[in-house]
Engineer: 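Have a look at this one before I ask anything.
Start at 1 with the first residue, then count along the sequence. Order of listing sets the numbers, starting from 1, for every ligand and every atom in it.
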Amino acid sequence: MKAYHIKLSEKDIGGVKTALLPGDPMRVEKIASLAGKNNFKKLTSNREFFSALCTVQNIPILVISTGIGCPSLAIAVEELAHLGIENFIRVGTTGAIQPGILPGDLIVSTAAVRLDGTSGHYAPMSYPAVASYDIVNALVRSAKKFKIRHHIGVTVTSDTFYPGQERYDTFTGHIIRDYRGSMEEWKKLKVLNYEMESSALFVMASVFGLKSGTVCGVIVNRSENEKPDDSFIEKVEKETGTVALEAATKLK
Ligand code: URA
């Protein structure tokens, strides 16, 4: 039977254990095709969930998009867990907040601040959103292998791109008090970056007894710029996908 939203069955993915999870459906084929022209095939597409299967070093890896944000990611992770996926690697883009983190660098998250609503449906707020040691380790080794500058640490996962990440170009220009000054606060607390999915992924994988991790390519440093340079995004996507695929081959 096909899963409700992702429209995949166990037969479609045939015992694959590891899934790479970009947010953007358009990145699925780009990432899977890094395995080589004859080593990937497109599977299904429904709503924000596009999927492809690829093989790297004889290891099958599923690539499936989750859409933006924790609610749709949670749907994908639920359905993938039912199909037997044990390792989940989010492959994303991010806005860095610490000085010295440059566009093009990678961030491997060890944990995520839970500025989301979804993870609270799985565990109380006192439960930590932490990545799995094995996946963090595999991602860091892979970044080192490809000699890509990377940073390891805590990420903020926000439900919103605008107020939760303290962007003042909201429609009204107003941000509620809770988030005014929040970027400076996270900086002081040594948080590395903002993104929108990892906290739900980490909590869900932990409570399911499965493994997860995140690698994100930096497209902007918020201390210096508000808007990314689009010409940079392609390079960042490719390097992030390459690092994630290599890491996926090292997991049990
Ligand atoms: N993704 C985010 O959530 N924030 C950014 O600044 C860039 C990418």
Engineer: What is the closest protein heavy atom to atom 1 (N) of ligand 1, and at what distance does it sit?
Structural biologist: Thr93 O, 3.6 Å

Engineer: May I ask whether Arg167 has any heavy atom positioned less than 4.0 angstrom from an atom of ligand 1?
Structural biologist: yes

Engineer: Quick one: do the Thr155 and Asn193 side chains pair a donor with an acceptor below 3.5 Å?
Structural biologist: yes

Engineer: Determine whether more than 12 heavy atoms belonging to other residues, nucleotides or ligands lie under 6.0 Å from atom NZ of Lys2.
Structural biologist: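 Atom NZ in Lys2 is packed in, count exceeds 12.
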
Engineer: Within a distance under 4.0 Å of any heavy atom of Met196, pick out the atoms of ligand 1 and give their elements.
Structural biologist: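 Listed by number with element, the hits are 3 (O).
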
Engineer: Going by the atom numbers of ligand 1, which of them fall below 4.0 Å from some non-hydrogen atom of Glu195?
Structural biologist: 3 (O)

Engineer: To which protein heavy atom is atom 3 (O) of ligand 1 closest, and what is the distance rounded to 0.1 Å?
Structural biologist: Gln165 NE2, 2.9 Å

Engineer: Would you call Arg180 and Glu166 a salt bridge, using N to O less than 4.0 angstrom?
Structural biologist: no

Engineer: Considering distance alone, does some N or O of Thr94 sit under 3.5 Å from an N or O of ligand 1?
Structural biologist: no

Engineer: When you check the side-chain N and O atoms of Thr214 and Ser198, is any donor under 3.5 Å from an acceptor?
Structural biologist: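 Indeed, the side chains of Thr214 and Ser198 share at least one donor-acceptor pair under 3.5 Å.
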
Engineer: Do His151 and Asp105 meet the criterion of a side-chain donor-acceptor pair at a distance under 3.5 Å?
Structural biologist: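 Looking only at side-chain atoms, Asp105 and His151 do form a donor-acceptor pair, the distance falling under 3.5 Å.
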
